[in-house]
Protein chains: 2
Amino acid sequence: MSNPEGGIGEPAKLFAALGDPTRLALVARLSAGESLSIAALSSDTRLTRQAVTKHLHVMQEAGLVASERVGRESRYAFRPEALDGARAYLDAVSGQWRDALHRLKRFVEE
Amino acid sequence: MSNPEGGIGEPAKLFAALGDPTRLALVARLSAGESLSIAALSSDTRLTRQAVTKHLHVMQEAGLVASERVGRESRYAFRPEALDGARAYLDAVSGQWRDALHRLKRFVEE
DNA sequence: ACGATAGGCAACGACACGGTTGCGTTTCCC
DNA sequence: GGGAAACGCAACCGTGTCGTTGCCTATCGT
């Protein structure tokens, strides 16, 4: 399953989760290492707490983030392994492109 | 500008363009090397030609693809350079995560 | 025990998205 | 020249998304 055709559903959800500026900002905040609460994440935004909550749910659904309830607050942590799937897909696509160019070059030179 | 905070708008558009199964399938088709017409791309799909056209416009807006009008048909070609931006963003994010873990480790060990 | 803080749930509105149908225009080919 | 192929444009529809507001529950601190 190294060709880009195989298994399109999962990477699409991942890319879709990354395809929003607000969500990318959250990823940037969380990739700093700290596990942060919803209140902490929505404090320096013009968004409502519920808006941030929804985005976090989307990101959790895509595997980008993991939540852990501690006391009265729920902390969200970044999951860097989730990016491996995206990177693998990008590499598969550009690898297929590179191979295609290589085959074309060999064909022309023969 | 190597931190993930800088310039969030452009990669978000790129990821959003990749965040759709139909569009990912088109990328897979086009990454095979050949420059294909809209009719060719929509022939082996259950979608209408106009649906494929809209997806191609979105992908072109994100820089994923380039169009070239030849005769009565317009050919679309994959642009692998577009993926570099996405890969750079992923690397920046996971790099920031890795550095944060490293700093934490050093702090704990001191 | 009580106020304040953190959060979950649900409804709602505005708008974008994915897709279709219909029609007109250009280009190819016989 | 005329039919057919390839495309563009615009309107339209159903659904999803983004964000809000309102309200209710749980937990913390004093």
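The chains referred to below are lettered A, B, ... by the order of the sequence lines, with proteins before strands, and numbering in each begins at 1.
Of the two residues contacting DNA chain D, namely A:Arg69 and A:Arg46, the nearest-nucleotide position lying further toward the 5' end is that of A:Arg46.
Side-chain contact between A:Leu47 and A:Ser42 is absent, with no heavy atoms from C-beta onward closer than 4.5 Å. The shortest distance between side-chain heavy atoms of A:Leu90 and B:Leu90 falls below 4.5 Å.
Taking atom CG on A:Leu47 and atom P on D:dT17, their separation rounds to 17 Å, with Å as the unit. Atom pair B:Arg49:CZ and D:dG8:C1' shows a separation of 8 Å (rounding to whole Å applied). To the nearest angstrom, C1' of C:dT26 lies 14 Å from CD1 of B:Ile38. As rounded to whole Å, 14 Å separates atom C1' of D:dA5 from atom CD of B:Gln50. We find that CD of A:Glu61 is positioned 15 Å from C1' of D:dG16, with the value rounded to whole Å. Atom pair B:Arg72:CZ and C:dC29:C1' shows a separation of 8 Å (rounding to whole Å applied). Rounding to whole angstrom units, NZ of residue A:Lys54 and P of D:dT20 are separated by 10 Å. Spacing between atom CG of B:Leu36 and atom C1' of D:dC7 amounts to 16 Å, rounded to whole angstrom units.
Listed nucleotides: C:dT20, C:dG18, C:dG8. Nearest to the side chain of B:Asp20: C:dG18.
Residue B:Arg75 is classed as having no contact, given no heavy-atom separation below 4.0 Å to the nucleic acid. Across all strands shown, B:Ala39 has heavy atoms under 4.0 Å from sugar-phosphate atoms exclusively, and none from any base.
Of the side-chain N and O atoms in A:Thr48, one or more sit less than 4.0 angstrom from OP1 or OP2 of D:dT20. Contact between the side-chain N/O atoms of B:Thr22 and the OP1/OP2 oxygens of C:dG18 is not found at any separation under 4.0 Å. OP1 or OP2 of C:dG8 has at least one side-chain nitrogen or oxygen of A:Ser74 nearer than 4.0 Å. The shortest distance between the side-chain N/O atoms of B:His55 and the OP1/OP2 oxygens of C:dC17 is not below 4.0 Å.
The side-chain contact (heavy atoms from CB on, under 4.5 Å) test with B:Arg29 singles out one residue from B:Thr45, B:Leu36, B:Leu24, and that residue is B:Leu36. Partner of B:His55 under the side-chain hydrogen bond (donor to acceptor under 3.5 Å, both in side chains) criterion, chosen from B:Gln50, B:Gln60, B:Arg23: B:Arg23.
B:Tyr89 and B:Phe15 have perpendicular rings, their planes meeting at more than 60° on a 0 to 90° scale where under 30° would count as parallel.
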